[in-house]
Amino acid sequence: MADLIEILDRPVLEAAPLLLGATFRHGGVTLRLTEVEAYDGPNDPGSHAHNGRTDRNAVMFGPPGHLYVYFTYGMHHCCNVSCGPEGQPSAILLRAGEVVEGLETARARRGRSTDRDLARGPGRLCQALGIDRDDNGIDLRGVLEPGPPVAGISSGPRVGLRKAADRPWRFWIPGDPTVSRYVAAKPR
DNA sequence: GTGGGGATTTACT
DNA sequence: GTAAATCCCCACA
């Protein structure tokens, strides 16, 4: 089984699909990742790091294997794994997964939700795992464990972006019920 | 100091 | 399908 840092210390477009099938433990809940998206630093208009380093996105510029958590829409958190050599601001958004441990805890955090929807979408995923801004920057060694290689990975455009909406940098395990559905950005 | 926008989710018609 | 919820971040003045 591949080492986490070995996977993350390479270009984000190579690393992202390799995280599918990995397990992620936090707050008493374990997830099997089924859907991720790649954000490729300064060359990616859709990335938070596109306009350089700020207080918020600093973790993206740091060493690989740390959690970048941000708050959005006034009510949701999203979490990413920093990737690539230090100084290269790329990250992988954890979009969805299947709860494989801590089901009761996840249900309690998510309130009224079907088991399928517990971590189906980045905001739901963070809520199920109890992730918030206090977890920004945490070291993921021993937390995120790569799994065996997954065959037949699908890719397509990222969800909800107005910028760079054409880049097919979303990766998921085809047929898995916990993968979120594609939603284009709403026109203003 | 101000204002536009957002890597979303949920409930309601 | 559409709308509302809700607040932090950041660019610009």
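To find a chain, count down the sequence lines: A is the first, B the second, and so on, and within it residues start at 1.
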For C:dT2, the nucleotide meeting Watson-Crick or G-U wobble distances (both under 3.5 Å) is B:dA11

- [ ] Answer with base, sugar-phosphate or nothing: what part of the nucleic acid does A:Asn80 contact at a heavy-atom distance below 4.0 Å?
- [x] base

Q. Does B:dA7 have A:Tyr39 stacked on its base, where the ring centres are within less than 5.5 Å and the planes differ by under 30°?
A. yes

With a cut-off of 6.0 Å (strictly less than), are more than 12 heavy atoms of other residues, nucleotides or ligands near CZ of A:Arg141? no

Under 4.0 angstrom, heavy atoms only, what part of the nucleic acid is A:Tyr73 near: base, sugar-phosphate, or nothing?
-> base

Practice item. Evaluate the ring planes of A:His48 and A:Tyr68, with Trp represented by its six-membered ring, and classify them as parallel (under 30°), tilted (30 to 60°) or perpendicular (over 60°). Key: perpendicular

- Indicate, with a heavy-atom threshold strictly under 4.0 Å, whether A:Gly123 touches base, sugar-phosphate, or nothing. sugar-phosphate

Scanning both residues in full, the closest heavy-atom pair of A:Arg120 with A:Ala96 reads CA-CB, 4.1 Å

**Side-chain N,O (A:Arg56) to OP1/OP2 (C:dC10) below 4.0 Å** = yes

note: A:His77, atom NE2; C:dC8, atom C1'; distance rounded to Å ~ 11 Å

In whole angstroms, the gap separating P of B:dA11 from CG of A:Asp117 amounts to 11 Å

Heavy atoms only, 4.0 Å cut-off, all strands: where does A:Leu93 land among base, sugar-phosphate and nothing? base

